[in-house]
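One structure is given here, and the rest of the page talks about it.
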Amino acid sequence: MVTSTESQLLTRTVELRAQVELIVNSTPVTDVHTHLFPPEFNEFSLYGIDELLTYHYLTAETFRSAKISYDEFWRMPKTDQADLVWKTLFVENIPTSEAARGIISVLDVLGLDTRAENLKEARAFFASQNLSEHIDQVFDIARVSGVVMTNDPLDETEGQIWNSDVELDHRFRSSLRLDRLLNTWSRTAASVVEQRRFLDRWIERMRPVYMGVSLPANFQFPAEDARDRLLREVVLPVAREHGLALTLMVGVRRRVNPNLREAGDGVGKADVTAVERMCGEYPDVKFLATFLSRENQHELCVAARKFNNLMPFGCWWFLNNPSIVSEITRERLELLGTSFIPQHSDARVLEQLIYKWKHARKEIADALCDTYQQLLLSGRAVTADEISRDVNRMFSGNCEDWLG
Ligand code: FIX
Ligand code: ZN
């Protein structure tokens with residue numbers, strides 16, 4: 001008797017590719033790391049063409065082509081900055097970079113002119129949007145079921161919003177960002193006990209799904225420093241107590257060019273063994289980890305093979321380019337099967353969800369297609385149900401398993 005699954009064995013390449021693309025492009029994703037906020041967070045909630053064009057990826061690129069000084073640029077109002085970015089990267093040049101192509105993808109999906117001389121049409125379009133309907137539309141287009149925010153309890157303005165008992169849209173889940181606590185220890189003189197109480201209080205208020213921190217390229221564990229003590233005496237015990245994962249984003253070198261402000265951060269090869277040791281010493285704590293340097297990706301995969309409390313996620317920041325996303329995703333499939341989170345958007349502006357997921361899904365679908373094709377050549381065909389199972393696991397299952 002032929003079972004239903006066997007009848008759907010995908011043995012022809014064209015059919016296989018069609019099914020993979022259909023499933024990858026229609027499966028909802030949980031976006032495990034973003035800098036997005038719902039409208040209740042006022043100025044933190046960014047959307048529209050001026051925010052899209054003044055995204056720090058594009059300002060960095062604009063300074064390479066526009067004849068303008070840093071001071072002149074930062075003195076300009078945001079709309080003038082956006083006009084200059086558009087003129088420089090989209091009119092006077094072909095928008096070939098990933099970040100620039102992203103804008104084209106967004107405009108195209110929203111039915112706006114991608115070769116416009118100026119931003120008049122785009123500004124009119126975004127100004128006419130009802131924000132809550134626009135959020136629904138963008139989440140729907142990007143097939144994003146929910147995002148995890150980056151919330152800094154030491155940011156005064158954000159802290160006040162949390163203290164005002166803000167009602168959160170369920171699609172926006174919080175995470176407790178610990179950069180100020182762990183990277184600028186010298187500026188916070190509180191005792192270990194006070195720090196633990198501080199974290200307990202904010203966990204109570206924010207209900208975060210994880211605690212997260214970005215760490216420099218020279219991060220070491222163990223280390224003879226205050227950060228090591230804080231991790232051991234505050235953060236990791238609190239993570240264990242609350243059953244919260246710790247998200248480690250390793251390899252950033254902040255402000256290598258301060259004139260570029262947020263666009264001024266760089267990358268450095270980091271020591272993956274520091275994270276390995278942390279996973280080994282804290283087997284009952286779950287870790288999500290992403291490394292910024294391309295050179296660390298293979299080591300991270302191997303570390304995850306050794307420690308099942310370690311979940312590699314995303315192609316972070318300077319790695320979020322199709323050729324590198326493809327390379328990293330294929331390497332992870334070969335070394336980890338589907339036990340990883342292939343991407344996160346790191347979106348700062350709402351509509352970025354549209355291009356970051358459209359571009360990521362393309363590379364993930366291509367990598368999966370080739371993987372299943374090779375499996376077929378090795379003697380095992382897959383079914384559409386099995387592909388759905390794989391994609392659901394990578395797009396939300398692994399993430400939900402790791403989130404508190
Ligand atoms: O540390 C982080 O969360 C980074 O993603 C940001 O600092 C960075 O500016 C960014 O937006 C990268 O995409
Ligand atoms: Zn980020």
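Computed over heavy atoms, backbone and side chain alike; hydrogens, waters and symmetry mates excluded. Remember, it's 1-based here, ligands and their atoms both numbered in the order they're listed.
The side chain of Arg254, and not its backbone, has at least one atom closer than 4.0 Å to an atom of ligand 1 (non-hydrogen atoms only; side chain from C-beta on).
Of the polar atoms of Asp346, at least one N or O is found under 3.5 Å from an N or O of ligand 1, judged by distance alone.
Using a 4.0 Å heavy-atom cutoff, Arg348 is listed among the residues neighbouring ligand 1.
Nearest residue to atom 4 (C) of ligand 1 from Tyr55, Trp316, Phe318 is Trp316 (criterion: closest heavy atom).
In this structure, the protein non-hydrogen atom closest to atom 10 (C) of ligand 1 is His56 NE2, 3.5 Å. Shortest contact from atom 13 (O) of ligand 1 to any protein heavy atom: Tyr57 OH, 2.5 Å. For atom 2 (C) of ligand 1, the nearest non-hydrogen atom of the protein is Arg177 NH2, 3.3 Å.
Set against the non-hydrogen atoms of His33, the atoms of ligand 1 under 4.0 Å away are 3 (O), 5 (O). Shown in contact with His35 at under 4.0 Å from a heavy atom are these atoms of ligand 1, numbered in order with element: 2 (C), 3 (O), 4 (C), 5 (O), 6 (C).
Between His344 and His33, the two ring planes are perpendicular [angle over 60°; tilted spans 30° to 60°]. Using cut-offs of 30° and 60° on the angle between ring planes, the pair Trp162 and Phe41 is perpendicular. Between His134 and Phe126, the angle of the ring planes goes over 60°, which puts this pair in the perpendicular group of the 30/60° scheme. Taking the six-membered ring for Trp and thresholds of 30 and 60 degrees, Phe44 and Phe37 have ring planes inclined between 30 and 60 degrees apart.
Partners of Glu204 according to the salt bridge (charged side-chain N to carboxylate O under 4.0 Å, His left out) rule, which considers only residues two or more places apart in sequence or in another chain, are Arg207. The side-chain hydrogen bond (donor to acceptor under 3.5 Å, both in side chains) test applied to Asn163 returns Arg205, not counting sequence neighbours. Residues forming a side chain to side chain contact (heavy atoms under 4.5 Å, CB included) with Phe318 (at least two apart in sequence, or on another chain): Val267, Leu292.
By the 6.0 Å and 45° rule, Lys362 does not stack over the aromatic ring of Tyr355.
Electrostatic pairing of Asp31 and Arg173 does not count as a salt bridge here, judged by no charged N lying under 4.0 Å from a carboxylate O.
Not less than 6.0 angstrom separates the ring centroid of Trp357 from the ring centroid of Phe139.
Note on the Zn ion (ligand 2): protein N/O/S atoms under 2.8 Å are His33 NE2, His35 NE2, Asp346 OD1.
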